[in-house]
Number of protein chains: 2
Amino acid sequence: MITYPALLETFKTLLKENSLKFTRQRELVFKTLYENEGHFTPEDLSGLIKQQHPGLKISIPTIYRTLALLEESGIVNSLSFGAKGKKYEFGLKEHHDHLICIECGKLIEFHDDMIEKRQEEIAKKFNFKMTDHTMNITGICEACQKKQKE
Amino acid sequence: MITYPALLETFKTLLKENSLKFTRQRELVFKTLYENEGHFTPEDLSGLIKQQHPGLKISIPTIYRTLALLEESGIVNSLSFGAKGKKYEFGLKEHHDHLICIECGKLIEFHDDMIEKRQEEIAKKFNFKMTDHTMNITGICEACQKKQKE
DNA sequence: CTGACTGCAAAATCTTTGCAAAGAC
DNA sequence: GTCTTTGCAAAGATTTTGCAGTCAG
């Protein structure tokens, strides 16, 4: 995994290239997504930031705006399924797909080279310039299956 | 493909099993999804129904309620991506995945047996009871790539 | 300095709910 | 008849926007 300072430089460069400014708020969102493993709604992120950086504050609109920016730049991925709203995760790590439990909302990540390859082939077949791909398997996780039996 | 009357019976049986009633509105949503190839938001469906059945009417809340019911029963699938809201499609046909153009929103369906099989293996590996799986490849379609070059 | 960014409050969406009237069985 | 469903309007929830003040470069 790339180090945080290196990633931050990437982010700064990206901003500079687009005449955008590197602000405390943008760094906060970036950093929080980097430091916290998982998938978060804008609301979640707001809570996390308040909790982990009690001194600093950041408004909900700014979180939305920053996430949109980060998503466009390919730094974060968004994921939407049954539940309301979208969830975001830090995206500059190895590509992976998701198993989503429809009972408890748990997300499990996995990676499968065969599927990755096949996706590329399919995009090529349709003359599609692939920018991203997501595979979500929804179902009931082991824990929730046990609960149902009780 | 199964005939419409047969599918309708399936739907009626499902309703009966849950002490739910077969209403004109429920049939309208069901029929409209069956007859129209594609992916629709609740709003889209409302428009389609108005257009294709000018005499009958159905309110937006009822469409939402019916879609939730149909989705739970596995009769329709929902799909959410970048754009706002969810889109629904008739689900009782061969499983397929999607290529989604992020420029124009076009959806292309495809089916790939190798990927299907692999998904089952992965679910099994994680002791996941799979209820559904979706694969979305996002990117830029052939037409939009040409537009960009102009 | 200058132009971009933020926070606030307000608006725009999208989705759900309460309830009286209508409809299915 | 009884119990569910519908439509309406209203409430909720989520996301976006306008704008004045603030901040980065």
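Within every chain, numbering begins at 1; the chains are lettered A, B, ... in the order of the sequence lines, protein sequences first and strands thereafter.
- Atom CZ in A:Arg24 sits roughly 8 Å away from atom P in D:dA24 (whole-Å rounding).
- Closest approach of B:Tyr88 to B:Val76, counting heavy atoms only: CD2-CG2, 3.8 Å.
- Looking only at distances, no side-chain donor or acceptor of B:Ser46 sits under 3.5 Å from a matching main-chain atom of B:Pro42.
- Listed by chain and number, the residues in a side chain to side chain donor-acceptor pair (under 3.5 Å) with B:Arg118 are A:Asp112, B:Glu121 (sequence neighbours excluded).
- Between A:Ile60 atom CD1 and C:dA12 atom C1' the separation is 17 Å, expressed in whole Å.
- Look at CZ on B:Phe40: it is 16 Å from P on C:dT15, rounded to the nearest Å.
- Interface residues of residues 45-57 of chain A facing DNA chain D, ordered by number: none; criterion, heavy-atom separation under 4.0 Å.
- Contact detail for B:Tyr34 and B:Thr3: the closest heavy-atom pair is OH-C, 4.3 Å.
- Residues that satisfy the side chain to side chain donor-acceptor pair (under 3.5 Å) test with A:Gln52, not counting sequence neighbours, are A:Asn36.
- Residue contacts shown for B:Thr23 are limited to sugar-phosphate atoms, with no base heavy atom under 4.0 Å away.
- Rounded to 10°, the helix from C:dC1-D:dG25 to C:dC25-D:dG1 has 40° between the axis fitted to its first five pairs and the one fitted to its last five.
- The phosphate of D:dG7 (OP1 or OP2) has a side-chain N or O of B:Thr62 nearer than 4.0 angstrom.
- More than 12 heavy atoms of other shown residues, nucleotides or ligands fall within 6.0 angstrom of atom CD in A:Glu116.
- Distance B:Leu28 CG to C:dG23 C1': 15 Å, rounded to the nearest Å.
- Among the protein residues, B:Arg65 comes within range of the nucleic acid bases, having at least one heavy atom under 4.0 Å from a base atom.
- Distance A:Glu71 CD to D:dT16 P: 11 Å, rounded to the nearest Å.
- The list of side chain to side chain donor-acceptor pair (under 3.5 Å) pairs with a residue in residues 59-76 of chain A, not counting sequence neighbours, reads A:Ser59-A:Thr62, A:Glu71-A:Ser78.
- For the pair B:Ser19 and B:Ile63, both in contact range of DNA chain D, the more 5′-proximal nearest nucleotide belongs to B:Ser19.
- Atom-to-atom, CG of A:Leu15 to C1' of D:dA24 comes out at 12 Å; the value is rounded to the nearest Å.
- Both B:Tyr64 and A:Gln25 lie close to DNA chain C; mapped to their nearest nucleotides by heavy-atom distance, the more 5′-ward contact belongs to A:Gln25.
- Taking atom NZ on A:Lys21 and atom P on C:dT2, their separation rounds to 12 Å, with Å as the unit.
- Taking the side chain as every heavy atom from C-beta outward, A:Ile75 and A:Leu33 never approach each other to under 4.5 Å.
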Which atom pairs, donor and acceptor, lie under 3.5 Å between side-chain atoms of residues 17-27 of chain B and protein residues at least two apart or in another chain?
residue : atom : partner : partner atom : Å
B:Asn18 : ND2  : B:Leu14 : O            : 2.8
B:Thr23 : OG1  : B:Arg26 : N            : 3.1
B:Arg26 : NH1  : B:Lys21 : O            : 2.8

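- Between the CZ atom of A:Arg26 and the P atom of C:dG7 there is a distance of 11 Å, given to the nearest Å.
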